[in-house]
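Just follow the structure's listing: the first ligand is 1, and inside any ligand the first atom is 1. Here the structure is a predicted model, which means the values were calculated and not measured.
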Amino acid sequence: MSEIATIEIEGKKYEFPIIKGTENEVAIDIKALRGSSSGVITLDPGFKNTGSCESAITYLDGEQGILRYRGYSIEDLAEKGDFLETAYALIFGNLPNKEELEKFESDIKAQSHVDEDVKKILDGFPKSAHPMGVLASLTSALIAFNPDSEDVDSEDEMYNAIVTILGKFPILVSWALRKKQGLPLDYGDDSLGYVENIAKLLFKKPNSDYKQNDIIINALDKLLILHADHEQNCSTSTVRIVGSSHAGLFASISAGISALWGPLHGGANQAVLEMLEAIKEDGGDTKKYMAKAKDKQDPFRLMGFGHRVYKNFDPRAKIIKVAADEVLADLGVTDPVLDIAKGLEQEALSDDYFVKRKLYPNVDFYSGIIYRAMGIPTDMFTVMFALGRLPGWIAQWREMRLRKEPIGRPRQIYIGENHRSFVDIENR
Ligand code: CMC
């Protein structure tokens with residue numbers, strides 16, 4: 001392939017380098033386009049054809065259903081790895097050796113507490129508050145309690161901010177849940193592993209000892225690993241763009257949480273379960289909802305189907321589907337909502353509309369079913385997604401800062417009024 005792309009604008013030719021990634025992905029480097037005397041920009045709403053950065057963190061091939069973190073396949077990581085070593089690999093580039101992992105874990109544990117005054121902020125929220133809003137707010141509030149974490153330039157300062165948020169975030173997640181459930185707030189248990197501690201933070205009841213359930217820990221570990229990064233999606237791009245102004249890590253993460261909240265992104269896992277419940281309440285007629293999803297006059301979409309990048313299958317969905325079957329069987333859960341999910345999946349996979357548009361079940365189609373079996377309320381599903389995505393956001397923020405990327409500042413094509421005169425209010 002040629003190493004130069006030529007663009008002709010009004011008879012004048014401009015040349016731009018062609019960039020190739022390590023997996024042979026190809027891009028036209030248009031950094032010089034506007035400054036090259038062309039004065040022209042590109043227009044790509046939704047960034048469907050636009051790379052915002054070069055990144056060495058996550059590779060995904062939507063056509064072949066490949067997802068790798070730092071070169072390690074998601075299948076290997078989910079089967080052989082755990083969440084903390086996956087987080088380390090994402091953030092620092094390689095799977096850690098024993099000493100590296102021990103140090104990382106102990107640095108995180110040293111930060112696994114939250115200022116008691118944060119409880120006062122939590123107190124101010126009504127119980128009905130959506131836990132994603134609570135989590136975004138508390139993450140932002142952490143800045144005030146850890147001012148050193150904000151203005152970070154050196155790798156050491158970044159490291160301290162990273163272990164601080166990794167230590168404190170699970171506590172905030174559990175507080176968002178426990179507030180809703182009217183349960184006492186807990187600080188977890190340093191003697192436990194990272195994911196075991198998360199389970200205790202979430203599930204411990206005040207009147208009994210917490211008993212670890214290996215099936216739940218395994219499933220939780222897998223779910224967190226599978227959600228840990230997904231290259232330049234909406235929330236990750238948000239984290240990078242907010243961080244590009246040199247806003248600190250916690251501010252960038254808080255913005256990422258808000259971006260993840262939406263039903264077209266992380267909020268889909270909540271939306272899937274709500275959709276399945278609604279279909280059940282409506283008599284379980286999956287065909288009726290398939291027809292609604294295909295009707296262009298109807299805004300209804302089959303939540304948990306389709307993906308901007310995966311146009312064959314979502315490799316995370318494949319792993320989670322198996323995990324969901326195992327968890328439900330092991331916990332002895334029979335769930336009518338699962339039958340509806342299976343029915344919808346069968347119909348969609350053989351339906352022309354879905355096949356033609358390459359709409360397959362995505363990760364969120366199954367994750368909610370597992371969370372529900374674990375006893376996590378529906379509006380906490382996206383919070384669980386955020387907990388898994390945290391290392392990815394951190395890794396992307398760190399990479400952006402270390403590469404000294406410029407502030408994110410897209411351009412636009414203005415389509416408003418041309419210059420017009422100011423008219424006094426009496427004459428309008
Ligand atoms: N149900 C019905 N039709 C759909 C769906 C769906 N779930 N998804 C896409 N389509 C149709 C869409 O109407 C369009 O049809 P047409 O070409 O006739 O206009 C075509 O498929 C392409 O859709 P699009 O909206 O242009 O595709 P996109 O790449 O912009 O959107 C998506 C991707 C994930 C936002 C979309 O598929 C969707 O809304 N899915 C449901 C929400 C969901 O499950 N989101 C979770 C994504 S995975 C977790 C994550 O990474 O955040």
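Contacts between V272 and ligand 1 below 4.0 angstrom, taking non-hydrogen atoms only, are absent altogether. Neither the backbone nor the side chain of K294 comes within 4.0 Å of ligand 1, counting heavy atoms alone. For Y353, every heavy-atom contact with ligand 1 shorter than 4.0 Å involves the side chain, none the backbone.
In this structure, atom 49 (C) of ligand 1 has protein heavy atoms in its sub-4.0 angstrom surroundings.
D298 has a carboxylate O that lies under 4.0 Å from a charged side-chain N of K292, or vice versa, which qualifies the two as a salt bridge. Salt bridge K200/E196: absent, no basic N to carboxylate O contact under 4.0 Å. With respect to D107 and K103, a salt bridge is recorded, a charged nitrogen being found less than 4.0 Å from a carboxylate O.
Within ligand 1, counting atoms from 1 as listed, the ones closer than 4.0 Å to a heavy atom of A268 are 43 (C), 44 (O), 45 (N), 46 (C). Interface of H265 with ligand 1, defined as ligand atoms under 4.0 Å from a residue heavy atom, comprises 46 (C), 50 (C), 52 (O). Short contacts between ligand 1 and K48, defined as distances under 4.0 Å to a heavy atom of the residue, involve ligand atoms 26 (O), 30 (O). Proximity to G304 (heavy-atom distance under 4.0 Å) selects the following atoms of ligand 1: 43 (C), 44 (O). Annotation for ligand 1: atoms under 4.0 Å from non-hydrogen atoms of A293 are 2 (C).
The protein atom (non-hydrogen) at minimum distance from atom 42 (C) of ligand 1 is M303 CE, 3.4 Å. Nearest protein neighbour of atom 34 (C) of ligand 1, counting heavy atoms only, is G306 O, 3.7 Å. In terms of protein heavy atoms, atom 32 (C) of ligand 1 is closest to R301 NH1, 4.4 Å. Given atom 41 (C) of ligand 1, the protein heavy atom at minimum distance is F305 O, 3.4 Å. Of the protein's non-hydrogen atoms, R308 NH2, 2.9 Å is the one closest to atom 30 (O) of ligand 1.
Put simply, the residue from Y59, F385, W393, Y310 that forms a ring-ring contact (aromatic ring centres under 6.0 Å, His included) with H230 is Y310.
Around atom 51 (O) of ligand 1, the closest heavy atom drawn from R389, R357, H307 belongs to H307. Relative to atom 47 (C) of ligand 1, the option among N362, L302, L260 with the closest non-hydrogen atom is N362. The heavy atom nearest to atom 45 (N) of ligand 1, out of those in N269, T236, L264, N233, is found in L264. Between K296, H227, M275, it is K296 that holds the heavy atom closest to atom 14 (C) of ligand 1. Closest to atom 9 (C) of ligand 1 by heavy atom, among T382, L359, D298, D364, is L359.
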Enumerate donor-acceptor pairs with a distance under 3.5 Å from any side-chain N or O in residues 132-144 to protein atoms, sequence neighbours excluded.
{"residue": "S137", "atom": "OG", "partner": "G133", "partner atom": "O", "Å": "2.8"}
{"residue": "T139", "atom": "OG1", "partner": "L135", "partner atom": "O", "Å": "2.6"}
{"residue": "S140", "atom": "OG", "partner": "S254", "partner atom": "OG", "Å": "3.4"}

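Between F305 and Y360, the distance from one ring center to the other does not fall under 6.0 angstrom. Remark: aromatic rings of Y289 and F300 are close, center separation under 6.0 Å.
Residues that satisfy the salt bridge (Lys or Arg N to Asp or Glu O under 4.0 Å) test with R401, not counting sequence neighbours, are D153.
Under a cutoff of 6.0 Å and an axis angle of 45°, R357 and Y353 form a cation-pi pair.
Between atom CG of residue D29 and atom CD1 of residue I18 there is a gap of 10.0 Å, rounded to the nearest 0.5 Å. Atoms CG and CZ, from L260 and R389 in turn, are 7.0 Å apart once rounded to the nearest 0.5 Å.
The number of heavy atoms from other shown groups lying within 6.0 Å of NZ (K119) is above 12.
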